[in-house]
Protein chains: 2
Amino acid sequence: MKSHQTTIIDIAHELKISKSTVSRALIGHPNVKHTTRMAVLELAEKMDYQRNMHAISLITRKSSTLGVIVPEFTSSYFPEIIIGAQTAATAAGYNIIISQSNESYETEVANTRVMLANQVDGIMISMTKETRNYDHFKVFQRKGIPIVFFNRVCDEMKVPKVVVDDYDGAFKVVEHLLSIGKNKIAHLAGPDSLSMSVKRLSGYLDALKKHQVAINEQWIIPYDLSIPKVSIYVNHLLNLENPPNAIFAINDPTAIEAIQVIKKAGLRIPQDIAVAGFSNDYISSLIEPSLTTMSQPVQKIGIKAIELLIDQIKRDVKDWKAVTHVLKTELIIRNSTLIS
Amino acid sequence: MKSHQTTIIDIAHELKISKSTVSRALIGHPNVKHTTRMAVLELAEKMDYQRNMHAISLITRKSSTLGVIVPEFTSSYFPEIIIGAQTAATAAGYNIIISQSNESYETEVANTRVMLANQVDGIMISMTKETRNYDHFKVFQRKGIPIVFFNRVCDEMKVPKVVVDDYDGAFKVVEHLLSIGKNKIAHLAGPDSLSMSVKRLSGYLDALKKHQVAINEQWIIPYDLSIPKVSIYVNHLLNLENPPNAIFAINDPTAIEAIQVIKKAGLRIPQDIAVAGFSNDYISSLIEPSLTTMSQPVQKIGIKAIELLIDQIKRDVKDWKAVTHVLKTELIIRNSTLIS
DNA sequence: CTGTTAGCGCGTTCAG
DNA sequence: CTGAACGCGCTAACAG
């Protein structure tokens with residue numbers, strides 16, 4: 001039993017009319033008699049006819065498909081961005097194909113190849129933490145396929161980006177920690193390959209400077225975002241001769257892990273040491289103590305990225321602008337920094 | 001500036017050889033002189049050549065793409081299944097296109113149409129909680145496109161399925177609750193459109209029967225898995241004249257929400273009321289108190305579903321078997337049921 | 001309003 | 001080992 005795809009030809013044959021008429025009827029072209037159109041539509045439905053996107057893409061040279069590449073799926077952060085992206089894409093008549101690079105540069109490169117082979121009309125991407133070569137992105141530019149970065153953006157690429165105000169967010173978190181009387185603030189930072197890390201770090205530094213709090217290099221620990229390593233660094237901090245009384249973590253998963261380590265060490269949060277994160281992951285309100293963090297408009301990030309993509313698709317290449325959209329964050333104060 | 005796709009013809013033209021030779025070289029066909037093959041490969045690389053999957057799919061009538069449809073992305077459950085699925089698919093040379101139905105029947109139907117139009121070679125799906133009509137699934141069967149259900153399966157469809165032993169899991173959770181001295185166990189159940197709910201409910205009932213514990217209908221509350229409603233039901237339970245001293249929730253998000261409500265009501269967990277969930281979401285070990293739950297081999301579910309899909313793709317349609325794969329669960333005891 | 005023709009990019013015969 | 005010709009399913013010209 002051959003699995004036979006219903007085609008326009010089948011319908012045309014059945015109805016004894018030409019393929020082009022069937023095609024026109026299906027496509028909604030005005031020049032079709034009402035009765036024939038209805039006949040076609042009805043039969044198409046009956047025969048489970050589905051337009052073959054591959055044939056259409058081959059002709060139109062576009063696929064109505066957008067690619068999304070994210071580094072991971074495990075925190076709630078990227079899934080929520082994807083929800084926003086999918087909503088916006090669907091509304092605009094685009095499908096999205098999602099893939100996760102699993103924080104691996106190799107996989108990321110492979111994923112971009114898949115996207116190219118599938119002739120995506122555009123791509124939105126958040127880099128892995130280990131991506132330092134950008135050739136696989138530049139291919140898109142050379143081919144005139146729009147690319148938009150979000151969250152983990154690539155400074156070297158002159159393309160639109162969607163980010164939150166990392167500097168400002170970090171600045172405000174640190175000010176908040178200072179305001180509750182914590183003046184020995186450590187920072188579990190990200191790798192400096194990500195400009196996000198750099199910006200949050202400099203927000204941290206500037207907030208301390210502004211309030212004339214001495215900066216202690218020992219308290220600044222850049223790490224590779226691999227959660228299992230957090231315990232090493234946190235324990236190290238706790239065992240310093242002059243340990244910090246607050247930790248500002250680069251993101252929520254890091255902060256959450258830090259909290260576990262601190263609790264295990266028998267210290268009280270926030271009395272002995274306060275903790276703050278960044279992103280307001282779903283989980284942050286549920287842990288004990290609940291986590292103070294900067295919330296990001298996650299779904300909005302996804303929506304905006306798709307909008308920028310579609311905007312570029314509709315423009316001429318010459319007309320593209322490399323705007324960076326900076327979305328606002330909001331401080332959510334919870335028990336991990338609440339001194340009663 | 002027209003965005004020009006590099007094609008086989010471009011390469012052939014450049015090298016002054018025929019298109020078919022280029023095609024053969026690219027494809028790895030043996031009958032190509034080594035030197036010409038190298039020349040082609042080199043030039044292809046240099047020109048950013050990417051095979052056009054649409055053209056290939058049109059000819060081969062297969063897309064090397066598998067569809068994945070999940071109801072949601074917000075808990076860690078489905079993302080982890082997707083990680084497993086993507087790993088297995090990539091290893092077998094398939095791409096996957098993911099979409100989430102957002103628990104909406106309409107969206108689910110739309111998603112299946114997209115998958116069809118994209119000529120997926122197979123599809124793995126977990127239904128929405130409101131899906132009660134299965135015509136959009138049957139289309140795949142009629143077209144001879146393999147379909148595999150996982151987690152939220154459709155009993156009416158005679159196709160392969162991947163599930164965990166819901167009955168057994170629920171049974172053991174309830175036995176565990178009984179073993180710690182809780183004999184008034186409520187069950188926040190799922191909608192009976194999902195066979196998963198039915199099975200967990202019957203595991204609950206049978207465990208009680210086996211241990212000759214009276215069943216109290218008041219304590220069994222089926223709901224639609226919409227988390228905000230959990231507080232209504234839990235408060236209702238707490239305010240009963242004869243309130244339960246344990247709650248077995250259909251899944252972890254429900255259990256976690258229940259815990260929040262109970263804490264807000266000022267009751268102690270597990271002393272006043274114990275709570276258990278199902279699935280071992282990422283978050284369950286981090287909340288306070290940590291949640292007792294049945295862990296599911298999530299990544300394995302994704303891997304198995306893809307394997308079943310590929311197995312069917314390689315077989316003849318007549319050769320398909322509608323096996324249901326039942327994976328084991330494992331009880332994870334945490335503080336929400338730990339009486340010291 | 002409808003039919004005919006060409007061709008999107010590529011793999012696959014069939015000839016050399 | 002290589003080239004020419006055909007066709008996958010469909011849309012877009014061009015004729016009626």
Side-chain angles (χ1 to χ4, degrees), chain A residues 2-41 43-44 47-65 113 116-121 143 145, chain B residues 2-41 43-44 47-65 93 116-121 143 145:
Chain A
K2 190 83 198 69
S3 71
H4 187 61
Q5 265 288 142
T6 308
T7 73
I8 283 192
I9 297 190
D10 298 331
I11 298 178
H13 194 81
E14 194 82 13
L15 256 38
K16 298 190 198 311
I17 58 178
S18 77
K19 303 113 210 185
S20 26
T21 303
V22 175
S23 172
R24 280 191 275 258
L26 254 16
I27 235 171
H29 196 92
N31 286 356
V32 181
K33 210 198 319 183
H34 188 254
T35 53
T36 40
R37 161 168 291 131
M38 293 323 270
V40 169
L41 259 31
L43 190 59
M47 295 176 77
D48 296 327
Y49 171 76
Q50 284 293 139
R51 292 164 76 194
N52 185 328
M53 289 310 291
H54 298 302
I56 294 173
S57 300
L58 202 53
I59 298 172
T60 60
R61 283 149 163 283
K62 52 191 51 163
S63 57
S64 295
T65 298
R113 293 213 189 296
L116 283 175
N118 279 84
Q119 312 283 117
V120 292
D121 294 341
K143 294 196 185 241
I145 301 171
Chain B
K2 190 83 197 70
S3 71
H4 186 62
Q5 265 288 142
T6 307
T7 73
I8 282 191
I9 297 189
D10 299 330
I11 298 179
H13 196 80
E14 195 81 13
L15 256 35
K16 298 191 196 312
I17 58 178
S18 76
K19 302 114 209 183
S20 21
T21 302
V22 175
S23 171
R24 279 191 275 258
L26 254 16
I27 235 172
H29 196 91
N31 287 357
V32 181
K33 212 197 319 184
H34 187 253
T35 53
T36 41
R37 160 165 296 134
M38 292 323 272
V40 169
L41 258 32
L43 189 60
M47 297 177 76
D48 295 329
Y49 171 75
Q50 285 293 141
R51 293 164 77 193
N52 185 326
M53 289 311 292
H54 298 302
I56 294 173
S57 300
L58 201 52
I59 297 172
T60 61
R61 287 149 160 282
K62 52 192 51 164
S63 57
S64 295
T65 298
L116 283 175
N118 279 84
Q119 311 285 117
V120 292
D121 294 341
K143 295 199 183 240
I145 300 171

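Chain naming here is simple, since letters A, B, ... match the order of the sequence lines and numbering starts at 1 in each.
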Looking only at heavy atoms, what is the nearest atom pair of A:S57 and A:S63, with distance? OG-CA, 3.5 Å
Whole angstrom value for the distance that separates C1' of D:dT11 from CD1 of A:I56: 8 Å
Across the strands shown, which category fits A:I27 at heavy-atom distances under 4.0 angstrom: base, sugar-phosphate, nothing? sugar-phosphate
The side chain of A:I59 is closest to which nucleotide in this list: D:dG9, D:dT2, C:dT2? D:dG9
Go through D:dC10, C:dT12, C:dT2 for me and flag the one nearest to the A:A55 side chain. D:dC10
For A:M47 against A:T6, the heavy-atom pair lying closest together: O-OG1, 2.8 Å
Please report the distance, rounded to the nearest Å, between NE2 in A:H34 and C1' in C:dC1. 14 Å
Among C:dT12, C:dC1, D:dG9, which is the nearest nucleotide to the side chain of B:R61? D:dG9
Between atom NZ in B:K143 and atom P in D:dG9, what is the gap in whole Å? 12 Å
Rounded to whole Å, please give me the gap between CD1 in A:I9 and C1' in C:dG3. 14 Å
Proximity to the side chain of B:V32 - top-ranked nucleotide from C:dG11, D:dT2, D:dT11: D:dT2
To the side chain of B:Y49, which of C:dC10, D:dT2, D:dC10 is closest? C:dC10
Gap between atoms CD1 and C1', on A:I8 and D:dC8 respectively (whole Å): 13 Å
Closest to side chain of B:N31, choosing from D:dG7, D:dC10, D:dC1: D:dC1
Grab the NE2-C1' distance between B:H29 and C:dT12 for me, whole Å please. 10 Å
D:dT11 phosphate, OP1 or OP2, under 4.0 Å from A:R51 side-chain N/O: yes
Is there side-chain contact between A:T21 and A:K33, with heavy atoms separated by less than 4.5 Å? no
NA contact type, A:T36, heavy-atom cut-off 4.0 Å: base, sugar-phosphate, or nothing? sugar-phosphate
Side-chain heavy atoms of A:D121 within contact of A:I145, under 4.5 Å: no
Within a strict 4.5 Å, meaning less than it, do heavy atoms of the A:N52 and B:Q119 side chains meet? yes
Looking at A:H54 and B:N118, would you say the former's side chain and the latter's main chain have a donor-acceptor pair under 3.5 Å? yes
For A:L26 and D:dG9, what is the distance between atoms CG and C1' respectively, to the nearest whole Å? 12 Å
Grab the NE2-C1' distance between A:H54 and D:dG7 for me, whole Å please. 17 Å
More than 12 non-hydrogen atoms from neighbouring residues, nucleotides or ligands closer than 6.0 Å to NE2 on A:H13, yes or no? no
Residues of residues 13-23 of chain B with any non-hydrogen atom less than 4.0 angstrom from an atom of DNA chain D: list those, numerically ordered, please. B:I17, B:S18, B:S20, B:T21
